[in-house]
Amino acid sequence: MQGPPGTFEEFLQSQKLDDWPRFPFLDEDRPLVDKLRNDYSFDAISKFLYDNAPLQISFVSDLEKRIDECTAELKKHAEKIFCFQQRPTGEDDHHVSLEQTIDTQLTDSEEVSIQTGKMGKTKIDKYITEESSRKNVKNYRYPGFKLKQLTELPRHLEAAKLWDLVIKAHNFKGEVFKVWRKLFLSEASIAVLQDCFWWWFLQKFKPNQEDQDYLFDRIADSFVSLFLCVPSDTKDAFFQVYPDCLSQVIYVAFCEAFPESNKSFDDAFKDGLVDLIFQWVSGLKPQKFAWKKWNLECLKKPTINNSKKDTITKAPVKESGKSKAVIEACEYFSNAQNALQHE
């Protein structure tokens with residue numbers, strides 16, 4: 001029995017070919033495409049393909065129609081979202097017109113003001129409730145762990161500003177201040193702060209063992225990075241004060257993030273926090289009530305958010321014989337404008 005060809009030449013010889021693969025030519029001199037062009041018109045070929053191999057363009061048409069529907073729905077939702085932010089200008093103009101005509105025509109203006117006020121009041125009350133809930137630690141929801149991204153602190157707190165406040169409270173001097181400030185504000189130290197904050201938040205208020213384990217692993221990695229970047233000649237001195245400073249900055253973060261929950265951050269809260277951080281960093285428990293040495297008055301200065309208290313103040317309205325209902329409506333419009341400015 002003859003075996004299969006072992007070379008390309010043997011393959012060509014066995015198939016009685018001069019070359020392979022063969023060019024797609026007809027036996028005649030003209031190629032197939034030229035023959036089709038001469039024998040059939042372009043319209044005839046198109047019609048044949050349309051009848052025998054139709055393209056299902058209905059799928060494309062349906063997709064375009066669905067995209068148009070989604071675009072229209074998105075536009076409607078966007079208008080509903082932004083109408084509340086755009087409303088104060090119109091309401092303020094209406095407020096001015098009410099004050100200009102109040103002495104001559106009261107009845108109609110009162111009805112319009114009261115109705116408009118009721119429509120906006122629900123949204124303002126909802127806004128105030130949501131803002132208030134964010135400032136309460138028990139109502140706050142943990143955003144979740146992301147492997148390659150640190151979880152931001154609540155209320156847009158900046159970790160660097162928190163560290164600066166604690167550093168100033170310790171009143172470090174001269175060269176120590178320059179070197180240690182760079183270490184406190186390093187990327188690794190910022191990561192330790194933010195992950196420790198959220199680990200302690202979950203531990204105290206919203207236990208979640210899985211996320212706490214993820215956070216702990218990243219805290220360990222970040223601490224190793226911090227440890228390696230500290231100069232050897234200052235390593236001992238730096239890590240003697242680091243756990244105390246880290247405890248303070250975490251405590252400040254809780255007070256700033258959740259001002260309506262200050263009663264929850266009592267002595268027991270501080271004791272547990274300090275014990276945890278000291279044992280993590282140094283492996284030893286600190287002295288009892290070590291936090292009593294903190295400069296709490298300096299730490300509680302409201303300078304982190306660079307803003308005044310998040311309260312809504314009432315604009316004074318003079319009563320010059322005006323209708324009580326209209327005055328209340330005008331007063332409410334002023335409150336609404338202030339609330340949006342604080343947003």
Heavy-atom donor-acceptor pair, Ser222 side chain to Ile219 backbone, under 3.5 Å: no
Looking only at heavy atoms, which two atoms of Trp200 and Gly272 are closest? And how far apart? CH2-C, 3.5 Å
What's the shortest heavy-atom distance between Gln194 and Ala159, and which atoms? OE1-CB, 3.9 Å
So, taking the atom named SG in Cys245 and the one named NE2 in His170, what distance separates them when rounded to the nearest 0.5 Å? 3.5 Å
Nearest heavy-atom contact between Leu226 and Ser189 is CD1-CB, 4.2 Å
Would Lys270 count as a cation-pi partner of Phe265, with NZ or CZ less than 6.0 Å from the six-membered ring centre and within 45° of the ring normal? no
Distance check, rounded to the nearest 0.5 Å: Gln248 atom CD versus Ile167 atom CD1? 11.0 Å
Would you check if Leu276 and Gln203 make a side-chain contact, meaning some heavy-atom pair closer than 4.5 Å? no
Main chain of Gly6, side chain of Glu10: is a donor-acceptor contact present, judged purely on distance under 3.5 Å? yes
Hey, are the side chains of Pro154 and Phe201 touching, using non-hydrogen atoms and a 4.5 Å cut-off? no
A quick test of your reading: do over 12 heavy atoms of other residues, nucleotides or ligands sit less than 6.0 Å from NZ of Lys168? no
For a 4.5 angstrom cut-off between non-hydrogen side-chain atoms, does Arg66 reach Ser61? no
Which class fits the ring pair Trp198 and Tyr142: parallel under 30°, tilted 30 to 60°, perpendicular over 60°? tilted
Do Phe238 and Phe227 have ring centres separated by under 6.0 Å? no
Would you compute the distance between atom CZ of Phe8 and atom CG of Leu17 and round it to the nearest 0.5 angstrom? 8.5 Å
Take Ser225 and Glu187, measure what side-chain contact (heavy atoms from CB on, under 4.5 Å) needs, and give me the verdict at the end. CA-CA 9 Å; Ser225 299; Glu187 183 178 349; over 6 Å; no
Can you give me the closest heavy-atom contact between Leu183 and Cys229, atom names plus distance? CD2-O, 4.0 Å
Between Asp275 and Gln279: side-chain donor-acceptor atoms closer than 3.5 Å: no
Evaluate the side-chain proximity of Ile190 to Trp163: yes if any heavy-atom separation is below 4.5 Å, no if none is. yes
Just distance, no hydrogens or angles: give the donor-acceptor pairs under 3.5 Å from side chains in residues 282-293, sequence neighbours left out.
unit_1: Ser282; atom_1: OG; unit_2: Phe278; atom_2: O; d: 2.7
unit_1: Ser282; atom_1: OG; unit_2: Leu284; atom_2: N; d: 3.4
unit_1: Trp291; atom_1: NE1; unit_2: Asp271; atom_2: OD1; d: 2.7

Here the gap from Phe258 atom CZ to Asn139 atom CG, rounded to the nearest 0.5 Å, amounts to 10.0 Å
More than 12 heavy atoms of other groups within 6.0 Å of Glu152 CD: no
I want to check something: taking the side chain as every heavy atom from C-beta on, are Trp180 and Thr234 in contact at a cut-off of under 4.5 Å? yes
So, Trp294 and Ser247: side-chain donor and acceptor under 3.5 Å apart, yes or no? no
Leu202 side chain near Leu215 side chain, heavy-atom distance below 4.5 Å: yes
Heavy atoms only: give me the nearest Arg155-Ala257 pair and the separation to one decimal. CD-O, 3.0 Å
Flag the pair Leu162 / Leu153 as yes when at least one side-chain heavy-atom distance between them is below 4.5 Å, and no otherwise. yes
Would you compute the distance between atom CG of Asn262 and atom CZ of Phe254 and round it to the nearest 0.5 angstrom? 12.0 Å
Measure the shortest side-chain to side-chain distance between Thr151 and Lys146 over non-hydrogen atoms and say whether it is less than 4.5 angstrom. no
Tell me whether Lys235 at atom NZ has more than 12 heavy atoms from other residues, nucleotides or ligands lying less than 6.0 Å away. yes
Dump the intermediate steps for side-chain contact (heavy atoms from CB on, under 4.5 Å) on Leu12 and Asp18, then the final yes or no. CA-CA 6 Å; Leu12 293 178; Asp18 297 329; over 6 Å; no
Can you check side-chain contact (heavy atoms from CB on, under 4.5 Å) on Leu150 and Arg218, steps first, answer last? CA-CA 10 Å; Leu150 294 175; Arg218 191 161 65 188; 3.9 Å; yes
Can you name the nearest heavy-atom pair linking Ala160 to Leu185, along with the distance? O-CD2, 3.7 Å
Please work out which of the three classes, parallel, tilted or perpendicular, describes the rings of Phe239 and Tyr242, given edges at 30° and 60°. perpendicular
Can you confirm whether or not the ring centre of Tyr140 sits under 6.0 Å from the ring centre of Phe205? no
Look at the aromatic rings of Trp199 and Trp280 and report parallel, tilted or perpendicular, splitting at 30° and 60°. perpendicular
Side chains of Asp236 and Gln240 only: does a donor on one sit below 3.5 Å from an acceptor on the other? no
Nearest 0.5 Å, please: how far is SG in Cys196 from CD1 in Ile277? 4.5 Å
